[in-house]
Student: 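Dumping the structure here so I can ask a few things about it.
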There are 2 protein chains.
Amino acid sequence: MTIPNVLRISEAPRTLREIALDKVRSAILDQHFPPGTRLTERDLGEQLGVSRTVVREVIRHLESEGLVQSIPNQGPIVARLDPETAAEIYELRGLLESSAAGAAAKAADRAAIMTMREALSNIRKAYTDRNFRSVVAETTRFYEAMFLSGNKRVAWDMVQRLNGRISILRSMTIASPGREQQGPEQLQKILDAIEAGQADAAINASKLHVLAASAIAIRLLDLKAQK
Amino acid sequence: MTIPNVLRISEAPRTLREIALDKVRSAILDQHFPPGTRLTERDLGEQLGVSRTVVREVIRHLESEGLVQSIPNQGPIVARLDPETAAEIYELRGLLESSAAGAAAKAADRAAIMTMREALSNIRKAYTDRNFRSVVAETTRFYEAMFLSGNKRVAWDMVQRLNGRISILRSMTIASPGREQQGPEQLQKILDAIEAGQADAAINASKLHVLAASAIAIRLLDLKAQK
DNA sequence: AATCGTATTATGGTATACCATCATACGTCA
DNA sequence: TGACGTATGATGGTATACCATAATACGATT
(Lines give C-alpha, C1' and ligand atoms only; values in the text may rest on other atoms or scores of the structure.)
Protein backbone atom coordinates (compact mmCIF):
# COMPACT_ATOMS: atom_id res chain seq x y z
CA MET A 1 0.00 0.00 0.00
CA THR A 2 1.19 3.40 -0.91
CA ILE A 3 0.74 5.91 1.81
CA PRO A 4 -0.43 9.25 0.46
CA ASN A 5 2.42 11.55 1.36
CA VAL A 6 0.00 14.32 2.20
CA LEU A 7 -0.41 12.56 5.48
CA ARG A 8 3.22 12.01 6.18
CA ILE A 9 4.45 14.15 9.05
CA SER A 10 7.75 15.26 7.73
CA GLU A 11 9.34 17.05 10.60
CA ALA A 12 9.33 16.65 14.30
CA PRO A 13 8.59 19.86 16.16
CA ARG A 14 11.82 21.78 16.23
CA THR A 15 13.05 22.75 19.61
CA LEU A 16 14.38 26.19 20.36
CA ARG A 17 17.75 24.55 20.69
CA GLU A 18 17.71 23.28 17.13
CA ILE A 19 16.59 26.61 15.76
CA ALA A 20 19.23 28.45 17.73
CA LEU A 21 21.86 25.94 16.67
CA ASP A 22 21.08 26.53 13.00
CA LYS A 23 21.06 30.27 13.44
CA VAL A 24 24.39 30.43 15.20
CA ARG A 25 25.95 27.95 12.84
CA SER A 26 24.77 29.95 9.85
CA ALA A 27 26.02 33.14 11.42
CA ILE A 28 29.46 31.61 11.79
CA LEU A 29 29.48 30.08 8.33
CA ASP A 30 28.29 33.33 6.76
CA GLN A 31 31.07 35.07 8.62
CA HIS A 32 28.77 37.32 10.58
CA PHE A 33 30.80 36.03 13.48
CA PRO A 34 34.36 36.07 12.17
CA PRO A 35 36.91 33.69 13.66
CA GLY A 36 38.00 34.76 17.11
CA THR A 37 34.68 36.36 17.97
CA ARG A 38 33.78 35.74 21.57
CA LEU A 39 30.50 33.97 22.03
CA THR A 40 29.33 35.24 25.37
CA GLU A 41 26.44 33.19 26.64
CA ARG A 42 24.35 36.07 27.91
CA ASP A 43 24.90 38.23 24.84
CA LEU A 44 24.11 35.45 22.43
CA GLY A 45 21.02 34.51 24.39
CA GLU A 46 19.81 38.06 24.27
CA GLN A 47 20.44 38.32 20.55
CA LEU A 48 18.62 35.06 19.91
CA GLY A 49 15.88 35.69 22.43
CA VAL A 50 16.52 32.44 24.27
CA SER A 51 17.84 31.54 27.67
CA ARG A 52 21.42 30.76 28.54
CA THR A 53 20.54 27.11 28.98
CA VAL A 54 19.79 26.85 25.30
CA VAL A 55 22.78 28.90 24.28
CA ARG A 56 25.13 26.77 26.34
CA GLU A 57 23.96 23.59 24.70
CA VAL A 58 24.28 25.18 21.28
CA ILE A 59 27.81 26.33 21.97
CA ARG A 60 28.82 22.90 23.22
CA HIS A 61 27.36 21.32 20.14
CA LEU A 62 29.24 23.66 17.83
CA GLU A 63 32.34 22.90 19.82
CA SER A 64 31.97 19.24 19.02
CA GLU A 65 31.64 20.20 15.37
CA GLY A 66 34.90 22.10 15.56
CA LEU A 67 33.28 25.41 14.71
CA VAL A 68 33.82 26.81 18.17
CA GLN A 69 36.72 26.39 20.53
CA SER A 70 36.71 27.10 24.22
CA ILE A 71 39.59 28.97 25.74
CA PRO A 72 39.91 28.26 29.46
CA ASN A 73 38.86 31.17 31.64
CA GLN A 74 37.90 33.16 28.65
CA GLY A 75 35.02 31.25 27.21
CA PRO A 76 34.13 30.10 23.75
CA ILE A 77 35.24 31.80 20.56
CA VAL A 78 34.58 31.14 16.91
CA ALA A 79 37.28 28.70 15.85
CA ARG A 80 40.19 29.91 13.78
CA LEU A 81 41.23 27.67 10.93
CA ASP A 82 44.96 27.44 10.46
CA PRO A 83 46.34 26.34 7.07
CA GLU A 84 47.77 23.06 8.41
CA THR A 85 44.42 22.00 9.80
CA ALA A 86 42.68 22.99 6.61
CA ALA A 87 45.14 20.95 4.58
CA GLU A 88 44.61 17.97 6.84
CA ILE A 89 40.86 18.25 6.55
CA TYR A 90 41.06 18.23 2.78
CA GLU A 91 43.37 15.26 2.92
CA LEU A 92 40.90 13.39 5.11
CA ARG A 93 38.09 14.23 2.78
CA GLY A 94 40.11 12.78 -0.04
CA LEU A 95 40.60 9.60 1.92
CA LEU A 96 36.96 9.26 2.90
CA GLU A 97 35.41 10.33 -0.36
CA SER A 98 37.56 8.13 -2.52
CA SER A 99 36.80 5.15 -0.30
CA ALA A 100 33.09 5.91 -0.54
CA ALA A 101 33.31 6.39 -4.31
CA GLY A 102 34.84 2.94 -4.65
CA ALA A 103 32.11 1.40 -2.52
CA ALA A 104 29.42 3.22 -4.47
CA ALA A 105 30.85 1.88 -7.74
CA LYS A 106 30.63 -1.63 -6.36
CA ALA A 107 27.12 -1.12 -5.02
CA ALA A 108 25.83 0.42 -8.27
CA ASP A 109 22.59 1.51 -6.67
CA ARG A 110 20.20 2.75 -9.35
CA ALA A 111 18.29 5.17 -7.17
CA ALA A 112 21.48 6.70 -5.88
CA ILE A 113 22.84 7.13 -9.38
CA MET A 114 19.65 8.89 -10.41
CA THR A 115 19.98 11.25 -7.47
CA MET A 116 23.58 11.97 -8.32
CA ARG A 117 22.71 12.68 -11.95
CA GLU A 118 20.01 15.04 -10.88
CA ALA A 119 22.25 16.75 -8.36
CA LEU A 120 25.03 17.18 -10.90
CA SER A 121 22.65 18.70 -13.41
CA ASN A 122 21.43 21.07 -10.71
CA ILE A 123 25.01 21.95 -9.89
CA ARG A 124 25.66 22.94 -13.52
CA LYS A 125 22.56 25.07 -13.52
CA ALA A 126 23.46 26.67 -10.21
CA TYR A 127 26.89 27.57 -11.55
CA THR A 128 25.43 29.31 -14.59
CA ASP A 129 23.06 31.17 -12.28
CA ARG A 130 26.04 31.94 -10.08
CA ASN A 131 23.94 30.64 -7.21
CA PHE A 132 26.78 29.37 -5.09
CA ARG A 133 24.64 28.47 -2.13
CA SER A 134 22.75 26.08 -4.33
CA VAL A 135 26.02 24.65 -5.64
CA VAL A 136 26.96 23.73 -2.10
CA ALA A 137 23.55 22.23 -1.37
CA GLU A 138 23.48 20.12 -4.51
CA THR A 139 27.05 19.00 -4.07
CA THR A 140 26.05 17.82 -0.62
CA ARG A 141 23.17 15.88 -2.18
CA PHE A 142 25.54 14.33 -4.70
CA TYR A 143 27.93 13.12 -2.06
CA GLU A 144 25.24 12.05 0.34
CA ALA A 145 23.82 9.72 -2.28
CA MET A 146 27.28 8.42 -3.01
CA PHE A 147 28.20 7.73 0.61
CA LEU A 148 24.89 6.18 1.56
CA SER A 149 24.72 3.94 -1.49
CA GLY A 150 28.15 2.69 -0.46
CA ASN A 151 26.81 2.12 3.05
CA LYS A 152 29.22 4.60 4.57
CA ARG A 153 27.01 6.25 7.12
CA VAL A 154 29.70 6.86 9.68
CA ALA A 155 32.08 8.21 7.09
CA TRP A 156 29.37 10.53 5.81
CA ASP A 157 28.84 11.91 9.29
CA MET A 158 32.53 12.57 9.55
CA VAL A 159 32.71 14.28 6.18
CA GLN A 160 29.82 16.54 7.04
CA ARG A 161 31.47 17.50 10.27
CA LEU A 162 34.71 18.22 8.46
CA ASN A 163 32.94 20.22 5.81
CA GLY A 164 31.48 22.45 8.47
CA ARG A 165 34.92 23.49 9.53
CA ILE A 166 36.06 24.35 6.03
CA SER A 167 32.77 25.70 4.76
CA ILE A 168 34.14 29.17 4.33
CA LEU A 169 36.93 27.80 2.18
CA ARG A 170 34.44 25.71 0.27
CA SER A 171 32.35 28.72 -0.70
CA MET A 172 35.45 30.61 -1.73
CA THR A 173 36.73 27.67 -3.73
CA ILE A 174 33.43 27.24 -5.52
CA ALA A 175 33.33 30.90 -6.41
CA SER A 176 36.89 30.94 -7.70
CA PRO A 177 37.40 31.48 -11.45
CA GLY A 178 37.44 28.35 -13.56
CA ARG A 179 35.88 26.17 -10.90
CA GLU A 180 32.47 26.31 -12.55
CA GLN A 181 34.00 24.35 -15.41
CA GLN A 182 36.42 22.05 -13.59
CA GLY A 183 34.16 21.14 -10.66
CA PRO A 184 31.24 19.63 -12.57
CA GLU A 185 33.62 17.90 -14.97
CA GLN A 186 35.33 16.11 -12.15
CA LEU A 187 32.06 15.13 -10.54
CA GLN A 188 30.93 13.81 -13.90
CA LYS A 189 33.99 11.57 -14.04
CA ILE A 190 33.23 10.20 -10.58
CA LEU A 191 29.65 9.55 -11.58
CA ASP A 192 30.66 7.92 -14.88
CA ALA A 193 33.00 5.56 -13.07
CA ILE A 194 30.32 4.65 -10.53
CA GLU A 195 27.76 4.02 -13.25
CA ALA A 196 30.28 1.83 -15.07
CA GLY A 197 30.97 -0.03 -11.86
CA GLN A 198 34.66 0.82 -12.08
CA ALA A 199 35.75 1.20 -8.48
CA ASP A 200 39.35 2.13 -9.17
CA ALA A 201 38.41 4.82 -11.64
CA ALA A 202 35.88 6.21 -9.17
CA ILE A 203 38.50 6.30 -6.45
CA ASN A 204 40.98 8.12 -8.62
CA ALA A 205 38.45 10.59 -9.93
CA SER A 206 37.32 11.56 -6.47
CA LYS A 207 40.88 11.89 -5.26
CA LEU A 208 41.52 14.30 -8.12
CA HIS A 209 38.42 16.28 -7.26
CA VAL A 210 39.42 16.83 -3.66
CA LEU A 211 42.99 17.52 -4.65
CA ALA A 212 41.92 20.28 -7.01
CA ALA A 213 39.66 21.82 -4.40
CA SER A 214 42.40 21.58 -1.81
CA ALA A 215 44.91 23.29 -4.10
CA ILE A 216 42.58 26.21 -4.67
CA ALA A 217 41.74 26.48 -0.99
CA ILE A 218 45.33 26.48 0.13
CA ARG A 219 46.22 29.11 -2.45
CA LEU A 220 43.42 31.26 -1.09
CA LEU A 221 44.64 30.77 2.46
CA ASP A 222 48.18 31.72 1.50
CA LEU A 223 46.91 34.86 -0.18
CA LYS A 224 45.06 35.82 2.96
CA ALA A 225 48.10 35.07 5.11
CA GLN A 226 50.23 37.40 3.00
CA LYS A 227 47.91 40.31 3.52
CA MET B 1 65.36 28.80 30.97
CA THR B 2 64.01 25.50 32.10
CA ILE B 3 60.97 25.82 34.25
CA PRO B 4 61.05 23.42 37.18
CA ASN B 5 58.10 21.19 36.54
CA VAL B 6 57.30 21.07 40.22
CA LEU B 7 55.70 24.41 39.65
CA ARG B 8 53.81 23.51 36.56
CA ILE B 9 50.07 23.40 37.17
CA SER B 10 49.12 20.39 35.21
CA GLU B 11 45.39 20.40 35.29
CA ALA B 12 42.76 23.04 35.22
CA PRO B 13 40.12 22.67 37.90
CA ARG B 14 37.73 20.04 36.67
CA THR B 15 34.15 21.05 36.42
CA LEU B 16 31.35 18.85 37.63
CA ARG B 17 30.42 18.42 34.03
CA GLU B 18 33.79 16.92 33.15
CA ILE B 19 33.72 14.59 36.11
CA ALA B 20 30.19 13.49 35.35
CA LEU B 21 31.09 13.03 31.69
CA ASP B 22 33.94 10.71 32.57
CA LYS B 23 31.82 8.77 35.02
CA VAL B 24 28.98 8.19 32.63
CA ARG B 25 31.30 7.40 29.76
CA SER B 26 33.15 4.86 31.87
CA ALA B 27 29.89 3.36 33.01
CA ILE B 28 28.85 2.85 29.41
CA LEU B 29 32.23 1.53 28.32
CA ASP B 30 32.40 -0.83 31.27
CA GLN B 31 28.95 -2.04 30.34
CA HIS B 32 27.37 -1.00 33.59
CA PHE B 33 24.88 0.65 31.31
CA PRO B 34 24.34 -1.92 28.58
CA PRO B 35 23.20 -0.78 25.13
CA GLY B 36 19.60 0.26 25.10
CA THR B 37 19.61 1.47 28.70
CA ARG B 38 17.54 4.58 29.07
CA LEU B 39 19.44 7.53 30.43
CA THR B 40 16.76 9.49 32.22
CA GLU B 41 18.01 12.92 33.13
CA ARG B 42 16.58 13.03 36.62
CA ASP B 43 17.64 9.50 37.52
CA LEU B 44 21.17 9.99 36.26
CA GLY B 45 21.44 13.30 38.06
CA GLU B 46 20.35 11.70 41.27
CA GLN B 47 22.81 8.84 40.88
CA LEU B 48 25.63 11.25 40.14
CA GLY B 49 24.58 13.82 42.68
CA VAL B 50 24.44 16.62 40.16
CA SER B 51 21.71 18.72 38.63
CA ARG B 52 19.87 18.00 35.42
CA THR B 53 21.67 20.90 33.75
CA VAL B 54 24.93 19.04 34.07
CA VAL B 55 23.43 15.72 33.08
CA ARG B 56 21.86 17.17 29.98
CA GLU B 57 25.16 18.56 28.76
CA VAL B 58 26.87 15.28 29.47
CA ILE B 59 24.28 13.33 27.53
CA ARG B 60 24.52 15.70 24.59
CA HIS B 61 28.26 15.35 24.59
CA LEU B 62 28.11 11.57 24.61
CA GLU B 63 25.60 11.80 21.81
CA SER B 64 28.13 13.64 19.69
CA GLU B 65 30.61 10.87 20.49
CA GLY B 66 28.15 8.31 19.23
CA LEU B 67 27.91 6.56 22.58
CA VAL B 68 24.36 7.71 23.15
CA GLN B 69 21.49 8.08 20.75
CA SER B 70 18.34 10.04 21.32
CA ILE B 71 15.03 8.49 20.41
CA PRO B 72 12.37 11.16 19.81
CA ASN B 73 9.76 11.32 22.55
CA GLN B 74 11.54 8.66 24.49
CA GLY B 75 14.78 10.27 25.40
CA PRO B 76 18.38 9.18 25.21
CA ILE B 77 19.53 5.57 25.39
CA VAL B 78 22.94 3.95 25.35
CA ALA B 79 23.75 3.40 21.69
CA ARG B 80 23.53 -0.04 20.19
CA LEU B 81 26.31 -1.04 17.87
CA ASP B 82 25.17 -3.00 14.84
CA PRO B 83 27.68 -5.19 12.98
CA GLU B 84 27.64 -3.08 9.81
CA THR B 85 28.51 0.07 11.71
CA ALA B 86 31.23 -1.74 13.61
CA ALA B 87 32.71 -3.02 10.35
CA GLU B 88 32.64 0.47 8.89
CA ILE B 89 34.34 1.93 11.93
CA TYR B 90 37.14 -0.59 11.68
CA GLU B 91 37.47 0.17 8.00
CA LEU B 92 37.75 3.87 8.75
CA ARG B 93 40.33 3.21 11.39
CA GLY B 94 42.35 1.30 8.82
CA LEU B 95 42.14 4.22 6.45
CA LEU B 96 43.12 6.81 9.05
CA GLU B 97 45.77 4.82 10.84
CA SER B 98 47.56 3.73 7.72
CA SER B 99 47.61 7.28 6.46
CA ALA B 100 49.02 8.45 9.77
CA ALA B 101 51.57 5.65 9.81
CA GLY B 102 52.83 6.76 6.42
CA ALA B 103 53.10 10.35 7.58
CA ALA B 104 54.90 9.30 10.75
CA ALA B 105 57.42 7.32 8.72
CA LYS B 106 58.15 10.40 6.67
CA ALA B 107 58.38 12.64 9.71
CA ALA B 108 60.69 10.26 11.61
CA ASP B 109 60.31 12.20 14.82
CA ARG B 110 62.80 10.89 17.39
CA ALA B 111 60.79 11.75 20.47
CA ALA B 112 57.69 10.13 19.04
CA ILE B 113 59.59 6.98 18.18
CA MET B 114 60.89 6.80 21.72
CA THR B 115 57.38 7.11 23.06
CA MET B 116 56.13 4.42 20.74
CA ARG B 117 58.94 2.07 21.76
CA GLU B 118 58.15 2.64 25.39
CA ALA B 119 54.44 2.16 24.84
CA LEU B 120 55.00 -1.05 22.92
CA SER B 121 57.20 -2.43 25.64
CA ASN B 122 54.53 -1.53 28.18
CA ILE B 123 51.93 -3.25 26.03
CA ARG B 124 53.97 -6.46 26.05
CA LYS B 125 54.28 -6.26 29.81
CA ALA B 126 50.59 -5.52 30.23
CA TYR B 127 49.72 -8.57 28.15
CA THR B 128 51.83 -10.87 30.31
CA ASP B 129 50.17 -9.35 33.38
CA ARG B 130 46.84 -9.82 31.64
CA ASN B 131 46.17 -6.19 32.51
CA PHE B 132 43.94 -5.42 29.54
CA ARG B 133 43.04 -1.97 30.70
CA SER B 134 46.69 -1.05 30.55
CA VAL B 135 46.97 -2.60 27.10
CA VAL B 136 44.30 -0.23 25.87
CA ALA B 137 45.91 2.76 27.54
CA GLU B 138 49.37 2.05 26.15
CA THR B 139 48.02 1.28 22.70
CA THR B 140 46.38 4.67 22.80
CA ARG B 141 49.74 6.22 23.72
CA PHE B 142 51.39 4.39 20.86
CA TYR B 143 48.93 5.66 18.32
CA GLU B 144 48.75 9.14 19.75
CA ALA B 145 52.49 9.51 19.27
CA MET B 146 52.19 8.16 15.76
CA PHE B 147 49.36 10.45 14.71
CA LEU B 148 50.79 13.57 16.27
CA SER B 149 54.28 13.05 14.89
CA GLY B 150 52.64 12.81 11.48
CA ASN B 151 50.78 16.04 12.24
CA LYS B 152 47.40 14.38 12.03
CA ARG B 153 45.60 16.09 14.83
CA VAL B 154 42.19 16.08 13.22
CA ALA B 155 42.51 12.46 12.21
CA TRP B 156 43.54 11.58 15.74
CA ASP B 157 40.44 13.23 17.12
CA MET B 158 38.33 11.24 14.73
CA VAL B 159 40.03 7.97 15.61
CA GLN B 160 39.52 8.58 19.30
CA ARG B 161 35.89 9.28 18.73
CA LEU B 162 35.52 6.14 16.66
CA ASN B 163 37.36 4.08 19.25
CA GLY B 164 34.88 5.17 21.87
CA ARG B 165 32.09 3.57 19.92
CA ILE B 166 33.87 0.26 19.54
CA SER B 167 35.61 0.23 22.87
CA ILE B 168 33.71 -2.81 24.06
CA LEU B 169 34.80 -4.69 20.97
CA ARG B 170 38.34 -3.49 21.47
CA SER B 171 38.54 -4.89 25.00
CA MET B 172 37.11 -8.17 23.82
CA THR B 173 39.48 -8.30 20.88
CA ILE B 174 42.48 -7.63 23.08
CA ALA B 175 41.44 -10.35 25.49
CA SER B 176 40.88 -12.91 22.76
CA PRO B 177 43.28 -15.87 22.61
CA GLY B 178 46.36 -15.37 20.50
CA ARG B 179 46.05 -11.63 20.38
CA GLU B 180 48.71 -11.14 23.05
CA GLN B 181 51.18 -12.53 20.53
CA GLN B 182 49.85 -11.16 17.25
CA GLY B 183 49.01 -7.66 18.47
CA PRO B 184 52.44 -6.55 19.69
CA GLU B 185 54.11 -8.22 16.70
CA GLN B 186 52.06 -6.16 14.30
CA LEU B 187 52.69 -2.97 16.21
CA GLN B 188 56.39 -3.80 16.15
CA LYS B 189 56.27 -4.02 12.37
CA ILE B 190 54.59 -0.63 12.16
CA LEU B 191 57.20 0.84 14.46
CA ASP B 192 60.08 -0.78 12.56
CA ALA B 193 58.83 0.66 9.30
CA ILE B 194 58.45 4.11 10.84
CA GLU B 195 61.95 3.98 12.31
CA ALA B 196 63.31 2.91 8.93
CA GLY B 197 61.44 5.75 7.29
CA GLN B 198 59.63 3.33 5.01
CA ALA B 199 56.23 4.90 4.52
CA ASP B 200 54.76 2.18 2.32
CA ALA B 201 55.76 -0.56 4.72
CA ALA B 202 54.29 1.39 7.62
CA ILE B 203 51.04 1.85 5.73
CA ASN B 204 50.77 -1.84 4.94
CA ALA B 205 51.67 -2.94 8.44
CA SER B 206 49.04 -0.74 10.01
CA LYS B 207 46.42 -1.89 7.52
CA LEU B 208 47.19 -5.46 8.52
CA HIS B 209 46.91 -4.60 12.16
CA VAL B 210 43.46 -3.10 11.86
CA LEU B 211 42.36 -5.88 9.55
CA ALA B 212 43.30 -8.51 12.08
CA ALA B 213 41.53 -6.67 14.87
CA SER B 214 38.50 -6.18 12.68
CA ALA B 215 38.34 -9.87 11.80
CA ILE B 216 38.38 -10.86 15.45
CA ALA B 217 35.80 -8.26 16.37
CA ILE B 218 33.41 -9.27 13.64
CA ARG B 219 33.73 -12.91 14.58
CA LEU B 220 32.86 -11.98 18.15
CA LEU B 221 29.86 -9.99 16.99
CA ASP B 222 28.62 -12.87 14.87
CA LEU B 223 28.95 -15.23 17.80
CA LYS B 224 26.87 -12.88 19.91
CA ALA B 225 24.28 -12.50 17.16
CA GLN B 226 23.88 -16.29 16.96
CA LYS B 227 23.08 -16.61 20.61
C1' DA C 1 56.22 56.62 38.99
C1' DA C 2 55.85 51.90 39.62
C1' DT C 3 54.01 48.16 41.94
C1' DC C 4 51.07 45.92 44.74
C1' DG C 5 46.60 45.10 46.65
C1' DT C 6 41.76 45.55 46.60
C1' DA C 7 37.19 46.34 44.64
C1' DT C 8 34.30 45.69 40.84
C1' DT C 9 32.47 43.37 37.14
C1' DA C 10 32.03 40.14 33.58
C1' DT C 11 31.31 35.46 32.78
C1' DG C 12 30.92 30.67 33.10
C1' DG C 13 29.17 26.84 36.39
C1' DT C 14 25.32 24.88 38.74
C1' DA C 15 20.81 24.18 40.78
C1' DT C 16 16.06 24.50 40.51
C1' DA C 17 11.40 25.61 39.26
C1' DC C 18 7.99 25.53 35.87
C1' DC C 19 5.95 24.16 31.58
C1' DA C 20 4.52 21.30 27.50
C1' DT C 21 3.88 16.97 25.80
C1' DC C 22 3.73 12.26 25.17
C1' DA C 23 2.85 7.71 27.02
C1' DT C 24 0.36 4.98 29.94
C1' DA C 25 -3.34 3.40 32.85
C1' DC C 26 -7.74 3.30 34.14
C1' DG C 27 -12.54 3.75 33.84
C1' DT C 28 -16.78 4.20 31.31
C1' DC C 29 -19.97 3.40 27.76
C1' DA C 30 -21.75 0.94 23.94
C1' DT D 1 -15.81 -7.33 26.22
C1' DG D 2 -13.68 -4.06 23.52
C1' DA D 3 -12.82 0.49 22.22
C1' DC D 4 -12.58 5.07 23.17
C1' DG D 5 -11.73 9.03 26.07
C1' DT D 6 -9.89 11.12 29.97
C1' DA D 7 -6.77 11.61 33.82
C1' DT D 8 -2.30 11.09 35.62
C1' DG D 9 2.47 10.75 35.60
C1' DA D 10 6.97 10.61 33.63
C1' DT D 11 10.16 13.16 31.07
C1' DG D 12 12.36 16.43 28.22
C1' DG D 13 12.45 21.65 27.15
C1' DT D 14 13.23 26.16 28.88
C1' DA D 15 13.94 30.09 31.91
C1' DT D 16 16.01 32.01 35.74
C1' DA D 17 18.42 32.79 39.98
C1' DC D 18 22.52 32.31 42.48
C1' DC D 19 27.35 31.30 43.07
C1' DA D 20 32.44 31.09 42.23
C1' DT D 21 36.15 32.87 39.95
C1' DA D 22 39.13 35.19 36.99
C1' DA D 23 40.04 39.43 34.50
C1' DT D 24 40.16 44.24 34.89
C1' DA D 25 40.38 48.74 36.72
C1' DC D 26 41.43 51.76 40.10
C1' DG D 27 43.59 53.53 44.03
C1' DA D 28 47.01 53.58 47.69
C1' DT D 29 51.57 53.17 49.30
C1' DT D 30 56.39 53.16 48.74
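Source: prediction; values computed, not measured. Just so we're on the same page: letters track the sequence lines, and every chain starts at 1.
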Student: Work out which heavy atom in B:V55 is nearest to a heavy atom in B:G45; give both atom names and the distance.
Tutor: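 Smallest interatomic distance, heavy atoms only, reads CG2-CA, 3.4 Å.
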Student: Could you give the CD-to-C1' distance, from B:E63 to D:dG12, as a whole number of Å?
Tutor: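 The distance from CD of B:E63 to C1' of D:dG12 comes to 12 Å, rounded to the nearest Å.
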Student: Could you tell me which non-hydrogen atom of B:K152 sits nearest to which non-hydrogen atom of B:A103, and how far apart they are?
Tutor: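 Shortest heavy-atom separation between B:K152 and B:A103 comes out as CE-CB, 3.5 Å.
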Student: Using whole Å, what does the distance between atom C1' of nucleotide C:dA15 and atom CG of B:L48 come to?
Tutor: 15 Å
Student: Rounded to whole angstroms, how far apart are CZ on B:R14 and P on D:dT21?
Tutor: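 Computing the B:R14:CZ to D:dT21:P distance gives 17 Å.
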Student: Separation of A:L16 atom CG from C:dC19 atom P, in whole Å?
Tutor: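 From A:L16 CG to C:dC19 P: 16 Å.
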Student: Taking only N and O in the side chain of A:R56, is any of them less than 4.0 Å away from OP1 or OP2 of D:dA15?
Tutor: no
Student: Counting side-chain heavy atoms from CB outward, which of D:dG12, C:dA15, C:dT11 is closest to A:T40?
Tutor: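 Comparing D:dG12, C:dA15, C:dT11 against the side chain of A:T40, the answer is C:dT11.
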Student: Which heavy atom of B:T139 sits nearest to which heavy atom of B:V135, and what is that distance?
Tutor: OG1-O, 2.6 Å
Student: For the pair made of CD in B:E41 and P in C:dT16, what is the distance, rounded to whole Å?
Tutor: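 It works out to 15 Å between those atoms.
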Student: Between the base of C:dT16 and the side chain of B:T53, is one N or O donor paired with an acceptor at under 3.5 angstrom?
Tutor: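 Yes.
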Student: Picking from D:dT14, C:dG12, C:dA15, which would you name as closest to the side chain of A:V54?
Tutor: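 From the listed options, D:dT14 comes nearest.
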Student: Can you figure out which of D:dT14, D:dT11, C:dT14 approaches the side chain of B:R52 most closely?
Tutor: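 Side chain of B:R52 sits closest to D:dT14.
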Student: Would you indicate, yes or no, if D:dA15 has its OP1 or OP2 atom less than 4.0 angstrom from a side-chain nitrogen or oxygen of A:S51?
Tutor: yes
Student: Assess whether a salt bridge exists between A:R141 and A:E138, defined as any Lys/Arg side-chain N lying under 4.0 Å from an Asp/Glu carboxylate O.
Tutor: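 A:E138 and A:R141: salt-bridged.
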Student: How long is the line joining CG of B:L39 and P of D:dA10, in whole Å?
Tutor: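 From B:L39 CG to D:dA10 P: 19 Å.
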Student: Indicate whether OP1 or OP2 belonging to C:dT14 is found under 4.0 Å from a side-chain N or O atom of B:R17.
Tutor: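 Negative; the distance criterion is not met.
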Student: Between B:H61 and B:E65, is any side-chain donor less than 3.5 angstrom from a side-chain acceptor?
Tutor: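 Side chains of B:H61 and B:E65: pair found under 3.5 Å.
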Student: Report yes if a side-chain nitrogen or oxygen of B:R42 is closer than 4.0 Å to either non-bridging phosphate oxygen (OP1 or OP2) of C:dT16; otherwise report no.
Tutor: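 It does not, given that no N or O in the side chain of B:R42 lies less than 4.0 Å from OP1 or OP2 of C:dT16.
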Student: Figure out the CD1/P separation between A:I71 and C:dG12, and round it to whole Å.
Tutor: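 Distance, rounded to whole Å: 12 Å.
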Student: D:dG12 P sits how many Å from B:Q74 CD, rounded?
Tutor: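 The answer, rounded to whole Å, is 10 Å.
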